[in-house]
Protein chains: 2
Amino acid sequence: MARVRMRDVAEHAGVSVRTVSNVVSGYPHVSPDTRARVQRSLDELGYRMDYLARGLRSGRTGFIALAVPFVAEPYFAELAQAVIRAAGRRGITVLVESTAGDSEVERRIVDGGLTNVADGVLLSALTLPASDMAAKKPDFPLVMLGEHSVGDQFPRVGIDNVAAARTAVEHLLAQGCRRIVALGRNGSENGRQRTEGYEQAMSAARVRRVNWLVVPVEDWTRDQGYAAVRELLDGDGPLPDAVFAFNDALAVGALRALDASGVRVPEDVAVVGIDAIQESAYTHPPLTSVAPDLDAIAERALALLEEQMQALGESGRAAPGEDVQAGAVAAAPQEATPYRLIVRESSRRGPVHE
Amino acid sequence: MARVRMRDVAEHAGVSVRTVSNVVSGYPHVSPDTRARVQRSLDELGYRMDYLARGLRSGRTGFIALAVPFVAEPYFAELAQAVIRAAGRRGITVLVESTAGDSEVERRIVDGGLTNVADGVLLSALTLPASDMAAKKPDFPLVMLGEHSVGDQFPRVGIDNVAAARTAVEHLLAQGCRRIVALGRNGSENGRQRTEGYEQAMSAARVRRVNWLVVPVEDWTRDQGYAAVRELLDGDGPLPDAVFAFNDALAVGALRALDASGVRVPEDVAVVGIDAIQESAYTHPPLTSVAPDLDAIAERALALLEEQMQALGESGRAAPGEDVQAGAVAAAPQEATPYRLIVRESSRRGPVHE
DNA sequence: CTTGAGTCTTGCATCGATGCAAAAGATCAC
DNA sequence: GTGATCTTTTGCATCGATGCAAGACTCAAG
């Protein structure tokens, strides 16, 4: 059975195409009688809306695009799941794109590479430099997701990175740890902020500088976490008494390296991560982590996106050729979503010792 | 700057809309001069194709849909990543849908719920009963992904489940294990096949029936694996000497339960999983697992999908009302993709003992 | 100079739905 | 009975691109 169009349904029911459209879209002024007859034809022929055609006419596609660096990274997979779920509740379909963390791809997206297929875009950028974006303003609904900020002209939803990192480190300090390694600084804004949170906490606790240690990595992956900790253990410096990993993947790698070297966790070294991916409850030992509320992120992001789509719908499309004024760009909302610390064995020490 | 249409470009370049279209789509008979002028206008105005409009006219959208039960499950996340990567190479955009393992949702997809937005559909079904699908044949390009089969009228790409399970169990047997628990039978076809592989291997090795044990679960998740093994250990039966988990998530849960109970792996109990998700290299101890070649699956699935799309393009759409004949349905290709066993510590025992 | 065979460019209809506004029909007050 | 008002239904143009086929132009051969 092939494509059934409204026209086919209309003929079958003996009404006009427009009336079928009215029934389908729930227009109120249709007589119960007609509505029933059309509905019957609809069912009988198995009509399915062509969203493309509707999208072309109405300017809305019913899609939003979600662009993340790597779909297979647990954090992004779980974020995607949350977004898909939240979008489903709103009758929106999500199109998932993978940027591979390539700033060129990310730039293309901010420049509108997806606007023709999606009503709005959620972008979880990884590497896009803020400097490049300084004078830009998107001409389509866009919400930055997660923690990477590229300037406040773009609305953004995510946890407060600095505070989250501080929370993690404060927890380690409360467990009596002092020689705390911050694992994960890299070129990203994200890494910068988490480093700052670490420094704030260390500073506030008056930990002597000699005990500070920030270990750089390239990517926030298990293998990088493993390699970095491995190297740390093989070095001749004194052993740290805690590792604060900038995300759980790094922490997982760190745990594996510690385990492989026979270092006990948490007795010798306590470990804390960020993200609280599902995996983190099953590591050896279970990992303490800062859990961003993914559902809240997804909900708020979609709400902001819908606001923008609404606004666009009212104002209509800007006239062609009307350039965006650089300079006085209004600041867009930067929403911080809740997070909480989940304490598990990897950081649970007995009474404080020092 | 708002939407730039071909018309705008045409005016700017002083040519017809059709010529712009010809340039954009690479039609050969365009003079170098004109082509250059149009290209300049294209760049200058920042033209971006409206894929919706093109899709409406040409009948192709450039999208395929990938429907998996849960995006956040590592196996599916990694599969999605592979599909997105493979599709990217072909200039195809992937739309990821989540079925939540709901057979109603899966049925809707097989009935064509996504055909109006996607040129083809890849479905990784979880629960869809084969019986329901017996007389059906899709009227659009569809490839079943992974292991769940619903009848051979649908093309399918995935590993040979029975063989993969047999491989895993044979490995355990080779390590000297005899009392091997099969963890993960549930209602799914998938579970049935892996159970069969287990039984074949046990049978071929002439293991006495008293040592066979198939433990059922509801879902193939970490927590179910944990709970099942926990229960097993709390029971009063003799301890098994190996666990064959039907997927890695279950294995991760099992490892955690064993660890929590102080059971040594692999000395007391060896563990093997299937999927070889990235996480499995970082468990305690690292998990032996059967690794399906995800890239091969993605490649073959897309190839099959493109074949179907090709065929549809040539035959044109079937005439409306032309019903599919039930009964003599031609068998579609069922492709088995390669897999290999990755042996890690969780199953590496010393010399065989018994 | 004409013809034929290309090459290059164009106008028009069309994909399937919805926006708009008018037509047709029903209802009611006077 | 008539006009006013409201409900119900309809036709037509339109979204932005491409299929089709014809028109305009170039060039070589006759």
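Labels below follow one simple rule: chain letters A, B, ... track the order of the sequence lines, proteins then strands, and each chain is numbered from 1. Source: prediction; values computed, not measured.
Among residue pairs with one or both ends in residues 3-52 of chain A, those qualifying as ring pair (Phe, Tyr, Trp, His ring centres under 6.0 Å) are Y27(A)-H29(A); sequence neighbours excluded.
Comparing the local axis fitted to the first five base pairs of the helix from dC1(C)-dG30(D) to dC30(C)-dG1(D) with the one fitted to its last five gives a bend of 60°, rounded to 10°.
dG11(D) atom P lies 12 Å from atom CD of E11(A), rounded to whole Å. When the P atom of dG16(D) is taken as reference, atom CZ of R54(B) falls 16 Å away, rounded to whole Å. L52(B) has its CG atom 13 Å from the P atom of dT18(C), to the nearest Å. As a whole-Å value, the separation of D33(A) CG from dT8(D) C1' is 12 Å. Between the CG atom of L56(B) and the P atom of dC15(D) there is a distance of 13 Å, rounded to whole Å. In this structure, R60(B) atom CZ and dG19(D) atom P are separated by 11 Å, rounded to whole Å.
Qualifying salt bridge (Lys or Arg N to Asp or Glu O under 4.0 Å) partners for D33(A), counting only residues two or more places apart in sequence or in other chains: R37(A). Residues satisfying the side chain to side chain contact (heavy atoms under 4.5 Å, CB included) criterion with A100(B), sequence neighbours excluded, are F70(B). With sequence neighbours left out, R7(A) forms a salt bridge (Lys or Arg N to Asp or Glu O under 4.0 Å) with E11(A).
For the OP1/OP2 pair of dG16(D) and a distance below 4.0 Å, the side-chain nitrogens and oxygens of Y47(B) include no atom meeting the criterion. Between S58(A) and dT18(C) there is no side-chain N or O to OP1 or OP2 distance below 4.0 Å.
The closest donor-acceptor contact from the side chain of R60(B) to the backbone of M309(B) lies under 3.5 Å.
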**Request:** Scan nucleotides 8-13 of chain C nucleotide by nucleotide, 5' to 3', and note B when protein non-hydrogen atoms come under 4.0 Å of the base, S if they reach only the sugar-phosphate, - if neither.
**Result:** SBBB--
**Item:** Worked verdict on I109(B) versus E106(B) for side-chain contact (heavy atoms from CB on, under 4.5 Å)
**Value:** CA-CA 5 Å; I109(B) 289 172; E106(B) 293 178 353; 5.7 Å; no
**Message:** Evaluate V9(B) against V4(B) for side-chain contact (heavy atoms from CB on, under 4.5 Å), listing each step before the verdict.
**Reply:** CA-CA 7 Å; V9(B) 178; V4(B) 178; 3.9 Å; yes
**Prompt:** What do the steps show when you test R40(B) against D43(B) for salt bridge (charged side-chain N to carboxylate O under 4.0 Å, His left out), and what is the final call?
**Reply:** CA-CA 5 Å; R40(B) 196 142 27 79; D43(B) 295 343; over 6 Å; no
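The closest side-chain heavy-atom distance from L302(A) to R89(A) is not below 4.5 Å.
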